[in-house]
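Note sheet for the following structure.
This one's a predicted model, so the numbers in the text were calculated from it and none came from an experiment.
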Amino acid sequence: MSKKILITGASSGFGRGAAIELARRGHEVVATAEAWPLVRSLRADAAAAGVELEVIKLNLLDETDIEHAGTFDPDVLVLNAGVMESGSVVDIPLQRVRESFEVNVFGHIALAQKIVPKMVARRSGKVVWTSSMGGILVIPFVGVYCATKHAVEGIAGSMRAELAPHGVKVATVNPGVFGTGFNDTGAESHVQWYDPERAVV
């Protein structure tokens, strides 16, 4: 049976692969990308794959984008977008810590608060959070990323219990290290601010 599915962070990696494959299988997919060039690129990818994909801009730091995405009414909401910032907890700029939580946690909660009430009203739906093995383990020098995913685990677990009586399911997926490029760029991110002469660790 065809489903309406909204996927955040679909311009690359798991999100891109899932969006295109789900569309290929006949589902009605709304795929989001952070910036307009990525929207255009994803639309081109979908055309090259021969699938129909509705692609919208969604920067999770932009309230207007969240409001727009929140007007959709999917059967399945996949909260997949994410950032990884590397560096020791005592050295990483606090701005990067805050932004990691804004994207990985708070932006997705804001979107869920727009969409999940519609699922509750019809007593059906599913929310899927892309967590990480870093959500159940602690990995040195990506502690901030792990902290955001630990938060996702707690939030998803609570949502699962809260929404079950209303017919809405909640799940997490916990990928390890895959060759999508996400871990590579995450590991590289600290080079923008790291100063070995001033670093504590």
Side-chain angles (χ1 to χ4, degrees), residues 5-22 31-34 38 58-61 76-113 115-116 125-164 168-196 198-201:
I5 304 168
L6 190 150
I7 305 176
T8 71
S11 63
S12 63
F14 294 137
R16 177 186 175 279
I20 289 174
E21 182 59 28
L22 287 166
T32 81
E34 182 183 10
L38 297 174
L58 174 57
N59 179 340
L60 287 164
L61 301 178
V76 182
L77 174 62
V78 183
L79 302 172
N80 170 74
V83 295
M84 177 191 288
E85 293 287 346
S86 60
S88 72
V89 173
V90 296
D91 287 317
I92 189 170
L94 197 54
Q95 177 189 354
R96 296 297 177 94
V97 177
R98 289 193 174 104
E99 185 171 303
S100 293
F101 275 89
E102 287 290 347
V103 173
N104 296 357
V105 182
F106 302 138
H108 279 135
I109 293 175
L111 181 59
Q113 288 181 344
I115 291 176
V116 172
K126 187 166 190 175
V127 181
V128 180
W129 289 82
T130 299
S131 182
S132 167
M133 69 176 189
I136 52 179
L137 303 172
V138 177
I139 304 167
F141 298 100
V142 285
V144 168
Y145 175 74
C146 291
T148 67
K149 295 304 184 177
H150 276 69
V152 163
E153 293 290 331
I155 290 163
S158 185
M159 286 178 67
R160 184 180 300 116
E162 293 161 358
L163 296 174
V168 179
K169 298 178 180 179
V170 180
T172 59
V173 292
N174 297 80
V177 179
F178 287 83
T180 63
F182 178 81
N183 293 293
D184 297 328
T185 54
E188 182 183 347
S189 62
H190 72 279
V191 302
Q192 294 179 294
W193 54 264
Y194 183 74
D195 181 352
R198 297 174 59 187
V200 176
V201 179

Donor-acceptor pair, distance only, cut-off 3.5 Å: does the side chain of [X] make one with the backbone of [Y]?
{"X": "Asn80", "Y": "Thr130", "result": "no"}
{"X": "Ser131", "Y": "Val152", "result": "no"}
{"X": "Asp91", "Y": "Val201", "result": "yes"}
{"X": "Ser158", "Y": "Gly154", "result": "no"}
{"X": "His150", "Y": "Gly134", "result": "yes"}

Working to the nearest 0.5 Å, report the span between [atom1] of [X] and [atom2] of [Y].
{"X": "Asn104", "Y": "Met84", "atom1": "CG", "atom2": "CE", "result": "9.0 Å"}
{"X": "Thr172", "Y": "Ile155", "atom1": "OG1", "atom2": "CD1", "result": "12.0 Å"}
{"X": "Ser86", "Y": "Ile92", "atom1": "OG", "atom2": "CD1", "result": "7.0 Å"}

_I want to check something: taking the side chain as every heavy atom from C-beta on, are Glu153 and Asn174 in contact at a cut-off of under 4.5 Å?_
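Glu153 vs Asn174: side chains touch.
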_Any His108 side-chain heavy atom under 4.5 Å of Leu60 side chain_ =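 Of all side-chain heavy-atom pairs linking Leu60 with His108, at least one is under 4.5 Å.
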Nearest heavy-atom neighbours spanning [X] and [Y]:
{"X": "Val144", "Y": "Phe101", "result": "O-CE1, 4.5 Å"}
{"X": "Val105", "Y": "Trp129", "result": "O-CH2, 4.5 Å"}
{"X": "Arg160", "Y": "Ala171", "result": "NH2-CA, 4.0 Å"}
{"X": "Val83", "Y": "Ser100", "result": "CG2-CA, 3.8 Å"}
{"X": "Ala156", "Y": "Val170", "result": "O-CG1, 3.6 Å"}

_Sole residue of Leu79, Val128, Thr32, Leu22 in side-chain contact (heavy atoms from CB on, under 4.5 Å) with Ile7_ =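 With Ile7 as partner, Leu79, Val128, Thr32, Leu22 yield a single side-chain contact (heavy atoms from CB on, under 4.5 Å), made by Leu22.
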